[in-house]
*Asks:* 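Right, I'll just put the structure down here and ask away after.
Note that the structure is predicted; figures quoted are calculated from it, not measured. Side chains are part of it too, since the values below use all heavy atoms of this structure and drop only hydrogens, waters and symmetry mates.
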Amino acid sequence: MDERFTGSFTQQEPIPEDGIAAAVEVMRHGRLHRYNLAEGEDGEAALLEKEFAAYTGAAYCLAVTSGGYAIAAALRSVGVKPGDKVLSNAFTLAPVPGAIANVGAEPVFVEVTEDLVLDLDDLQAKILSSGARVLLLSHMRGHICDMDRLMGLCWDEGVTVVEDCAHTMGASWNGVSSGRHGVVACFSTQTYKHMNSGEGGLLITDDREIMARAVMLSGSYMLYNRHLAVPAATAFERVRYETPNMSGRMDNLRAAILRVQLRQLSGQCARWNERYRAVEAGLRGVAGLEVIERPEKEDFVGSSIQFLLLDWPPDDISTVLNRCRERGVELKWFGAAEPVAFTSRYDSWRYAPTESLPQTDRVLAGLVDMRIPLTFSVEDCELIARIISQEVGRVFQNKAAE
Ligand SMILES: *Cc1c(COP(=O)(O)O)cnc(C)c1O
């Protein structure tokens, strides 16, 4: 009898009890709006911003309604205008080109490597051919490119870097926290990310003007003095007249839940990595399957794992995925003909026309992706890896025998 896995790939852990208690307290006093403060009260949203700024080492932090909102606000705040071109990863998720479209700009997709990071040679070529002056860098699935080389290249070319850290909250490159290389960085606190408030986003920067604009954009009215992680009032003097209010504020209820989770984040990241390494160890050495080697300088958070069935016929990949699903293991495939659930490919984003990207096409055609919720035990992860390696092995051996 083949082993089966019975856990759920979409079940996250519950909100910690002290997070629930903090949320209940906010509900009891009723001041959910971030600017509705009692005498002497800082408010959960403002405290979250202060604490997340301290966690990342950024000077300023703004909490908003979603990661996608944070990215659009970041792009607007660095000065992206309708019709501008914005460089971004061809391998990412739909909210990334969506945020570019939100500001009326046009994505210029850059190829991805077999290590699932931005291809820096193609980036250089696309900077020159497009004339784009902003890169929205998505650390997709937590894979971080050589940030030292990337920042050098963007510095030389005068390109502003905005980081999408939806999958790298808690990660770092060469000792520098993810999100601290670019001029501004955005995080998501949607349920499937590293902290869970249902929906939510965080934006960090050291730049006074950018933060002042982002705060006004988020819908601060003239209450920016109620924030604890923003520049001094002088930064708002001109900005407050020039910046439209595009409401997207964080509320105290969600912030209360997040503050508790932030205190536990480092421990959670360690638990993710333990599970990631268990899956990786079980997949390593399987013929026909390539694990993604992680660079030494990359301190990642293994909340998901990817592997390549490079140059496999699509039908064979389908067979592996179907057999794994029958045994309870849900894998996502970036090579599927049609976009499914959260998984779509750059050529599905038809509002953003693009030239062909042969290298990315080859990688995505063989790219398999799996979430690692913390509700899985390490033993669960070992079982999952056994199921995948058996099914890959069966199809691969058949292929070899043909
Ligand atoms: C989830 C996600 C976002 C946006 O987050 P939302 O909070 O869902 O808007 C951005 N980029 C990537 C890569 C994501 O996975």
*Asks:* Given the rule in the salt bridge (charged side-chain N to carboxylate O under 4.0 Å, His left out) test, do Arg180 and Asp206 qualify, once you have shown the distances and angles that lead to the verdict?
*Replies:* CA-CA 9 Å; Arg180 297 294 293 139; Asp206 288 346; 2.9 Å; yes
*Asks:* With sequence neighbours left out, write down each residue that passes ring pair (Phe, Tyr, Trp, His ring centres under 6.0 Å) with Phe334, or none if nothing qualifies.
*Replies:*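 For Phe334, the residues satisfying ring pair (Phe, Tyr, Trp, His ring centres under 6.0 Å) (neighbours in sequence not counted) are Phe91.
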*Asks:* Can Leu202 and Leu62 be said to form a side-chain contact (heavy atoms from CB on, under 4.5 Å), step by step?
*Replies:* CA-CA 6 Å; Leu202 292 156; Leu62 173 69; over 6 Å; no
*Asks:* Could you tell me if the side chain of Asp316 sits less than 4.5 Å from the side chain of Pro313, heavy atoms only?
*Replies:*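 With C-beta onward as the side chain, the pair touches.
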*Asks:* Regarding Thr189 and Ser197, is there a side-chain donor-to-acceptor distance under 3.5 Å anywhere?
*Replies:*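 Yes, a side-chain donor-acceptor pair sits under 3.5 Å.
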*Asks:* Please determine if Glu280 and Arg277 form a salt bridge, counting it only when a charged side-chain N lies under 4.0 Å from a carboxylate O.
*Replies:*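 The answer is yes: the pair qualifies as a salt bridge.
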*Asks:* Quick check: are there more than 12 heavy atoms from other residues, nucleotides or ligands sitting under 6.0 Å from CD of Glu379?
*Replies:*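 Yes, CD of Glu379 has more than 12 neighbouring heavy atoms, counting only those of other groups under 6.0 Å.
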*Asks:* Indicate whether the side chain of Ser304 and that of Gln306 have a donor and an acceptor atom separated by less than 3.5 Å.
*Replies:*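 A donor-acceptor contact under 3.5 Å links the two side chains.
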*Asks:* Give a yes-or-no answer on whether the side chains of Gln359 and Asp119 include a donor-acceptor pair shorter than 3.5 Å.
*Replies:*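 A pair is found: one side chain offers a donor N or O, the other an acceptor, under 3.5 Å apart.
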*Asks:* For residues Val103 and Val80, report the shortest heavy-atom separation together with the two atoms involved.
*Replies:*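 Smallest interatomic distance, heavy atoms only, reads CG2-CG1, 3.8 Å.
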*Asks:* How close do Leu283 and Ser389 get, counting heavy atoms only, and between which atoms?
*Replies:*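 Nearest heavy atoms, Leu283 then Ser389: CD2-N, 4.3 Å.
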*Asks:* Please identify each residue that fulfils salt bridge (charged side-chain N to carboxylate O under 4.0 Å, His left out) with Glu3, with sequence neighbours left out.
*Replies:*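 Salt bridge (charged side-chain N to carboxylate O under 4.0 Å, His left out) check on Glu3 returns Arg386.
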*Asks:* Only counting residues at least two apart or in another chain, list the ones meeting side chain to side chain contact (heavy atoms under 4.5 Å, CB included) with Ala94.
*Replies:*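 With neighbours one apart ignored, the set is Ser344, Trp349.
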*Asks:* Check this for me: does any side-chain nitrogen of one of Arg294 and Asp115 sit under 4.0 Å from a carboxylate oxygen of the other?
*Replies:*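 A salt bridge is absent here (no side-chain N lies under 4.0 Å from a carboxylate O).
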*Asks:* What are the two closest heavy atoms between Val96 and Ser138, and how far apart are they?
*Replies:*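 Shortest heavy-atom separation between Val96 and Ser138 comes out as CG2-OG, 4.1 Å.
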*Asks:* Could you tell me whether the side chains of Thr319 and Asn322 share a donor-acceptor contact shorter than 3.5 Å?
*Replies:*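 Asn322 and Thr319 do not have a side-chain donor-acceptor pair below 3.5 Å.
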*Asks:* Give a yes or no on whether a salt bridge exists between Arg31 and Glu41, defined as a side-chain N under 4.0 angstrom from a carboxylate O.
*Replies:*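 Here Arg31 pairs with Glu41 in a salt bridge, since their nearest N and O are under 4.0 Å apart.
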*Asks:* Applying side-chain hydrogen bond (donor to acceptor under 3.5 Å, both in side chains) as the test, list every pair that has at least one member in residues 45-59; sequence neighbours left out.
*Replies:*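 Output for this query lists Arg34-Glu49, Glu49-His227, Glu51-Arg259.
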*Asks:* For residues 76-87, which residue pairs qualify under side-chain hydrogen bond (donor to acceptor under 3.5 Å, both in side chains), counting only residues two or more places apart or in two chains?
*Replies:*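 Qualifying pairs: Arg76-Asn102.
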*Asks:* So is Arg371 actually on top of Tyr192's ring, under 6.0 Å and inside 45° of the axis?
*Replies:*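 Cation-pi check for Arg371 and Tyr192: passes.
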*Asks:* Output all residues satisfying side chain to side chain contact (heavy atoms under 4.5 Å, CB included) with Glu293, sequence neighbours left out; order by chain, then residue number.
*Replies:*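 In terms of side chain to side chain contact (heavy atoms under 4.5 Å, CB included), with neighbours along the sequence ignored, Glu293 is linked to Arg284, Val291.
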*Asks:* Consider only side-chain N and O atoms of Arg240 and Tyr224, and report whether a donor and an acceptor are under 3.5 Å apart.
*Replies:*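 Looking only at side-chain atoms, Tyr224 and Arg240 do form a donor-acceptor pair, the distance falling under 3.5 Å.
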*Asks:* How close do Gly19 and Ile257 get, counting heavy atoms only, and between which atoms?
*Replies:*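 Looks like O-CG1, 4.3 Å.
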*Asks:* Could I get the full list of ring pair (Phe, Tyr, Trp, His ring centres under 6.0 Å) partners for Phe396, not counting sequence neighbours?
*Replies:*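 Phe396 satisfies ring pair (Phe, Tyr, Trp, His ring centres under 6.0 Å) with Trp312 only.
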*Asks:* For Trp333, check ring pair (Phe, Tyr, Trp, His ring centres under 6.0 Å) against everything at least two apart and list the hits.
*Replies:*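 With sequence neighbours excluded, Trp333 shows a ring pair (Phe, Tyr, Trp, His ring centres under 6.0 Å) to no residue whatsoever.
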*Asks:* Can you list everything that forms a ring pair (Phe, Tyr, Trp, His ring centres under 6.0 Å) with His29? Sequence neighbours excluded, please.
*Replies:*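 Partners of His29 by the ring pair (Phe, Tyr, Trp, His ring centres under 6.0 Å) criterion come out as none, since no residue qualifies.
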*Asks:* Which pairs with one or both residues in residues 131-167 pass ring pair (Phe, Tyr, Trp, His ring centres under 6.0 Å), sequence neighbours excluded?
*Replies:*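 Listed once each, the pairs would be none.
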*Asks:* Return the set of residues passing side chain to side chain contact (heavy atoms under 4.5 Å, CB included) with Leu357 (not counting sequence neighbours), or none when no residue passes.
*Replies:*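 Result, side chain to side chain contact (heavy atoms under 4.5 Å, CB included) vs Leu357: Ala90, Phe109, Glu111, Lys126, Tyr346, Thr354, Thr360.
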*Asks:* Gln390 and Arg323: side-chain donor and acceptor closer than 3.5 Å?
*Replies:*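 Short answer, no.
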*Asks:* Taking only residues two or more places apart in sequence, or in another chain, which ones meet Asp207 in a side chain to side chain donor-acceptor pair (under 3.5 Å)?
*Replies:*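 If we apply the side chain to side chain donor-acceptor pair (under 3.5 Å) test to Asp207, skipping adjacent residues, there are no hits.
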